[in-house]
Amino acid sequence: MLQSQPDQTSFVYLFKDCAIGRELKMRNDRLEELKKGLIAIVGQQQVLTDDQKTRPYRTGIRVGKGVACAVVIPGNLLQLWQVLKLCVQLDKIIIIQAANTGLTGGSTPDGDDYDRDVVIISTLNLDQLILLNRGTQVVAAAGSTLYQLEERLAKLGRGPHSVIGSSCIGASIVGGICNNSGGNLVNRGPAYTEYSLFARLRADGELELINHLGIELGETPEDILTTLQQVNFNTEALPECQGQASDQDYKNRVRDIESPVPARFNADKRRLQEASGCAGKLAVFAVRLDTFPKPEEEQIFYVGTNQPQHLTTLRKQILSNFKQLPDMGEYLHRSYFDGADFYCKDAYLAIKYFGTGFIPTLFSIKRQVDQIVSQWPLPLFQDHFSDKALQFAAQLFPDHLPARMREYRNQYEHHMIILASDHSIQETKELLQQSFARADEECSYFECSESEGKAALLHRYVAGNAPARYQILNANESGELLPLDVALPRNCETWYEILPQEILCQMAETFQMSHFLCMVFHWDFVVRKGVDAADLKAKILSILDKAGAKYPAEHNVGHLYKAETDLSNFYKKIDPTNSFNPGIGKMSKLKDHQ
């Protein structure tokens, strides 16, 4: 009896199966080589590959999540360099992550359509701060945070370039520089420096360490990093900086209230230089920044009105006539007042009673609790259990806001917090007496006591967490989170009319606030369930384009915004192989930007 012969198709499938099998084996071998190499550098406890353990690093604080074959946590700058070299040698995608507080998903992977394995490098253990020239400047390592710097500088009567909590809590210093973060300090401008220590991957595949800190640290990467870590140089006898270690021009630029161009935005070519604005397309080891003397006297004023044009007039008068600008001018619509009041009370109480230094610990506890209870079979424990528990617990406490703030919330739709210092106090007081002293149903103001001022700033400080918490607690009615970070033209006077009602009615909830003197607005929306968020966003961006707005203003493109030409060209220039944080700005995720 003749045996049947396998047809040609069978051979083809057999060949394909063998090829796929060989490819999978090779990939597994490479992953094992990566894992062993990382463990040899940082130790087994600092290399995470389990999905549950890597999840907090792969998921953004508001948006974004994706795949990663490993999370590695170096303990010093030299280990970071060695990890980078290994990842480059094995052709891995590298995402550098600090506090993971980005609001546009730019510090996490996005999806699973990368052409190479993704390695996340967490820099949180690299938190060294080196004060220079009696504290007038600082070298901040990759994982150092603003609250750490604030604590160090407070003893010297100085403050950092930004204050934490303009939109998120626990932000890192280097993350702010890499994302051109704006902050709310009008006189200091967005985070910016021309002095940094970073690694870049050249087009020929060569990884190199560039020392542009303006400090002589040695010749080889190992010498440079060891000298910096050991502070083996004279911190009090450094040459004067020839470049800028802060945005020294901003306080003049923001005063040009007739300009049709926004005061600050992420794609501004004037503020794209190496680490500044790189958005993770470079591996930034450290930056050098100016610090600032603390004022001798401060006063917070709280303004309320039902006519938003009153605030427009107030802004123009301040920027045009004041000899010294106030330090802050923060706008809160009633929507964000209420959002912070109800959804952020737990964060408010935690910071009030335990300080900002407790927040990283709180976040760590939350992650661990969610990780543990997510494995329990009951539905209650599956998603965001810690947020739900904290929300419930916070409501058991008495009212946390001062009586006058509560009265203003009930009487006025639009709120503004003005922090004035030294010479600007009297100027602010005189202007408010002229314009807002009527104390009627249209507008009014009050000078905050010390406790009221702290409460007002803390209320504003925690507000940025409200949209995400709202979405978690109202999942049945909520669709996607649509955060908009918008810089309006400096001459814009109708900021409150830009988005029409036909757009706003498609939102389950809206939250609106701004760095008002800068015309930088945070419009955070939770879209109604069933609404096409992508289509709605496209319509909104078209409206903003016609208004001369720029977006994003201060949180960088991440994976939410398309990078403008100037910005995408900058990214391609500093990362020609597209190995660092590929895909941001809606750009290619493929090697060499294919």
Exercise. Taking all heavy atoms of Ile584 and all of His559, pick out the closest pair and write down the distance.
Key: N-CE1, 3.7 Å
Self-check item: Residues Asn578 and Lys281: side-chain donor-acceptor under 3.5 angstrom
Solution: yes
Practice problem: Verify the ring-centre separation between Tyr331 and Trp495: is it less than 6.0 angstrom? | Solution: yes
Quiz item: Hey, does the side chain of Arg288 reach the backbone of Ser196 with a donor-acceptor pair shorter than 3.5 angstrom?
Solution: no
Self-check item: Leu34 CG to Asp91 CG distance, which is reported to the nearest 0.5 Å
Solution: 11.5 Å
Quiz item: Have Asn100 and Ser107 got a donor and an acceptor in their side chains that come within less than 3.5 Å?
Solution: yes
Quiz item: Does the side chain of Gln273 come under 3.5 Å of the side chain of Ser276 through a donor N or O and an acceptor N or O?
Solution: no
Quiz item: What orientation do Phe285 and Trp81 show, parallel under 30°, tilted 30 to 60°, or perpendicular over 60°?
Solution: tilted
Practice problem: Return the minimal non-hydrogen interatomic distance between Leu48 and Lys53, and the atom names on each side. | Solution: CD1-O, 3.8 Å
Self-check item: Any donor-acceptor pair under 3.5 Å from Arg490 side chain to Arg253 backbone
Solution: yes
Exercise. Would you please say whether a donor-acceptor pair under 3.5 Å links the side chains of Thr59 and Arg55?
Key: no
Quiz item: Side chains of Glu554 and His515: donor-acceptor distance under 3.5 Å anywhere?
Solution: yes
Self-check item: Option from Ile177, Val138, Leu213 for which side-chain contact (heavy atoms from CB on, under 4.5 Å) with Val287 holds
Solution: Ile177
Quiz item: Any side-chain donor paired with an acceptor under 3.5 Å for Asp545 and Tyr551?
Solution: yes
Practice problem: Go through the side-chain N and O atoms of His522 and Gln512 and say whether any donor and acceptor fall under 3.5 Å apart. | Solution: no
Self-check item: Heavy-atom pair with the smallest gap, counting every atom of Thr193 and Ala245
Solution: OG1-CA, 3.6 Å
Practice problem: State which residue, out of Leu201, Val119, Ile96, Leu209, fulfils the side-chain contact (heavy atoms from CB on, under 4.5 Å) condition with Leu84. | Solution: Ile96
